[in-house]
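Quick note: numbers below take in every heavy atom, side chains included, and nothing from hydrogens, waters or symmetry partners. Position 1 is the first residue of the sequence; numbering continues from there.
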Amino acid sequence: MYLLVNIIGLIVFVGLAFLFSKKKSQIKWRSIGIMMAINLFLAWFLTGFPIGRNIVMGAANGFNWLVQVAYTGIAFALPSWVAVKQMDFVTSVLLPILMIIPLFDILTYIGVLPWIIKWLGRGLSKVTGQPKFESFFAVEMMFLGNTEALAVSALQLKQMKGERNLTLAMMSMSCVTASIIGAYIQMMPGQFILTAIPINIINAIIVTNILNPVEVTPEEDTIATMSGSGSDTSDEQVDVQGKEPFFSFLGDSILNAGKLVLIITANVIAFVALAALIDKILQLINPWITLEHLLGIIMFPFAWLMGLDVSHAFEFAQFMGTKLVTNEFVVMGKVTNTIGDFAPHYKAILTVFMTSFANFSTVGMIIGAFKGLVDKSKNNLIAKNVGYMLLSGILVSLLSAATVGLFVW
């Protein structure tokens with residue numbers, strides 16, 4: 001029965017995207033069907049076959065190894081923070097980012113990461129039949145993050161029409177930065193986090209192509225840049241002239257990593273405290289009323305469609321709502337010590353749903369990024385479609401969780 005409900009949920013989530021589509025007649029259902037088939041195969045392969053499970057577990061172990069190496073640096077500077085029975089959230093999850101982000105930036109500096117992104121994007125475009133840059137951007141944002149991917153694509157954004165810019169803004173709600181995967185894996189099952197990443201990429205294309213289908217002519221179907229913000233280099237070239245000296249570049253990368261640690265720490269502290277404040281105020285009305293209960297009621301139908309029993313569906317709905325109004329780290333922090341005891345299906349869908357930046361605060365980040373990159377008319381179009389951006393992020397998370405959930409019981 002629960003498997004049947006999960007299947008119905010998958011259909012309902014696609015149906016919701018169709019219901020809110022801006023141009024229903026322009027949806028390319030053949031391409032959508034191909035991408036959904038790819039996602040179903042990926043979820044089946046990565047969760048149901050020993051070789052698939054070994055691939056994601058090997059990648060998860062690789063990220064764990066990087067984190068353990070990062071602890072060496074942390075222990076040198078702050079031994080009393082590491083040599084404890086249980087490290088706190090900042091030490092165990094966030095401080096390793098100080099090494100992992102510069103590592104990915106070095107791979108970008110020497111051209112390895114841009115090369116991988118370019119060819120993965122091209123391959124995705126050929127398989128799915130989607131425009132080159134949208135496919136390219138889907139891969140790009142997985143490695144670089146939403147605002148970073150937008151920044152290095154500045155010239156492309158200026159050349160594209162506003163409707164395609166809106167598509168990219170909607171896709172940006174579902175990204176996961178590769179450099180932060182190590183932090184996720186310290187808190188949730190690594191195999192499901194790494195399974196979610198490619199499935200999120202394709203679902204971001206599916207959802208945006210249903211919600212906001214855009215006709216792209218062959219003349220428009222080009223990739224302008226990957227070499228840096230404002231560059232006029234084509235995707236066939238990499239401009240190495242005037243490249244910043246390596247150690248200057250590395251210093252900036254480390255500083256940016258430090259800023260990110262502070263930003264995440266501040267956000268988690270503020271959101272948890274604000275949620276507690278809201279709970280205190282609500283409980284003055286009725287001791288039963290809390291923010292999590294209200295969010296659970298709102299999100300319950302979607303959680304139940306994942307194939308959960310009523311009690312687990314309500315708990316999952318609370319986690320879903322909390323993630324959307326705060327961020328994924330708040331929920332991960334709540335379940336990290338207990339998720340190992342969850343049933344396999346529940347563990348899988350919860351982990352996959354959490355593996356994205358889809359929340360209210362991300363909307364402000366994306367609008368702010370576009371404001372500095374495109375003209376006023378394009379930025380206004382994006383600002384007028386905040387609801388579509390949120391809907392896109394939620395639907396991608398729901399579709400990805402439901403897709404993986406089909407194969408894990």
Side-chain angles (χ1 to χ4, degrees), residues 16-28 31-32 35 121 124-125 128-142 144-175 201-235 357-358 360-396:
L16 285 172
F18 176 73
L19 179 66
F20 289 97
S21 174
K22 288 177 173 287
K23 300 173 183 176
K24 294 180 175 62
S25 61
Q26 293 186 20
I27 298 173
K28 298 176 181 177
S31 178
I32 299 295
M35 288 187 285
L124 187 61
S125 175
T128 63
Q130 292 298 307
K132 293 176 185 175
F133 186 75
E134 279 77 349
S135 301
F136 175 81
F137 184 80
V139 178
E140 188 178 41
M141 70 178 183
M142 174 183 73
L144 303 180
N146 43 28
T147 55
E148 294 87 346
L150 291 170
V152 300
S153 303
L155 181 62
Q156 182 84 34
L157 300 179
K158 292 179 174 70
Q159 294 176 351
M160 289 165 52
K161 54 190 177 185
E163 290 83 358
R164 291 182 73 189
N165 275 240
L166 176 58
T167 293
L168 299 184
M170 292 161 64
M171 289 173 67
S172 297
M173 291 294 296
S174 303
C175 84
I201 290 175
I202 298 176
N203 275 333
I205 301 175
I206 290 172
V207 169
T208 53
N209 274 269
I210 296 176
L211 289 174
N212 185 47
V214 180
E215 290 290 338
V216 179
T217 66
E219 293 75 22
E220 295 173 316
D221 192 13
T222 58
I223 298 175
T225 184
M226 174 56 205
S227 59
S229 177
S231 169
D232 60 357
T233 306
S234 74
D235 69 327
F357 294 163
F360 286 95
S361 61
T362 299
V363 174
M365 293 171 56
I366 294 170
I367 291 176
F370 270 97
K371 193 168 186 177
L373 296 171
V374 299
D375 60 43
K376 187 175 180 180
S377 63
K378 291 178 181 177
N379 188 69
N380 286 344
L381 176 64
I382 293 164
K384 289 176 182 176
N385 284 275
V386 166
Y388 271 87
M389 291 169 63
L390 286 168
L391 180 61
S392 173
I394 293 169
L395 287 176
V396 170

Intermediate values then yes/no, side chain to side chain contact (heavy atoms under 4.5 Å, CB included), Met173 and Val363: CA-CA 7 Å; Met173 291 294 296; Val363 174; 3.8 Å; yes
Verify side chain to side chain contact (heavy atoms under 4.5 Å, CB included) between Val214 and Lys161, making sure each step is shown before the conclusion. CA-CA 10 Å; Val214 180; Lys161 54 190 177 185; 3.5 Å; yes
Separation between CE (Met171) and CD1 (Ile206), nearest 0.5 Å, reads 11.0 Å
If I compare all heavy atoms of Ile205 with all of Ser135, which pair ends up nearest, and what's the gap? CD1-CA, 4.3 Å
Using 0.5 Å steps for rounding, measure from the CD1 atom of Ile27 to the CG atom of Leu211. 8.5 Å
Closest contact, heavy atoms only, Tyr388 versus Phe20: OH-O, 2.6 Å
Closest non-hydrogen atom pair, Phe133 against Met160: CD2-SD, 3.8 Å
Step by step, work out the side chain to side chain contact (heavy atoms under 4.5 Å, CB included) result for Asn209 and Glu134. CA-CA 10 Å; Asn209 274 269; Glu134 279 77 349; 5.9 Å; no
Side chain to side chain, Leu124 and Ile201, heavy atoms closer than 4.5 Å: yes
Test side chain to side chain contact (heavy atoms under 4.5 Å, CB included) applied to Leu381 and Asn165, step by step: CA-CA 9 Å; Leu381 176 64; Asn165 275 240; over 6 Å; no
Separation between CZ of Arg164 and CZ of Phe137, rounded to the nearest 0.5 Å: 12.0 Å
Under 3.5 Å, is there a donor-acceptor pair between the side chain of Thr208 and the main chain of Ala204? yes
Straight-line distance of Glu163 CD to Glu215 CD, nearest 0.5 Å: 11.5 Å
Ser174 side, atom OG; Ile202 side, atom CD1 - distance, nearest 0.5 Å: 13.0 Å
Show me the side-chain donor-acceptor pairs of residues 364-374 shorter than 3.5 Å, one per line, residues at least two apart or across chains.
none

Met389 side chain reached by Ile382 side chain, heavy atoms, under 4.5 Å: yes
Spell out, as yes or no, whether a donor-acceptor pair under 3.5 Å connects the side chain of Thr362 to the backbone of Phe357. yes
Of all heavy-atom pairs linking Lys378 and Gly162, the shortest is CG-CA, 4.1 Å
State the CG-CG distance between Leu157 and Asp375, to the nearest 0.5 angstrom. 11.0 Å
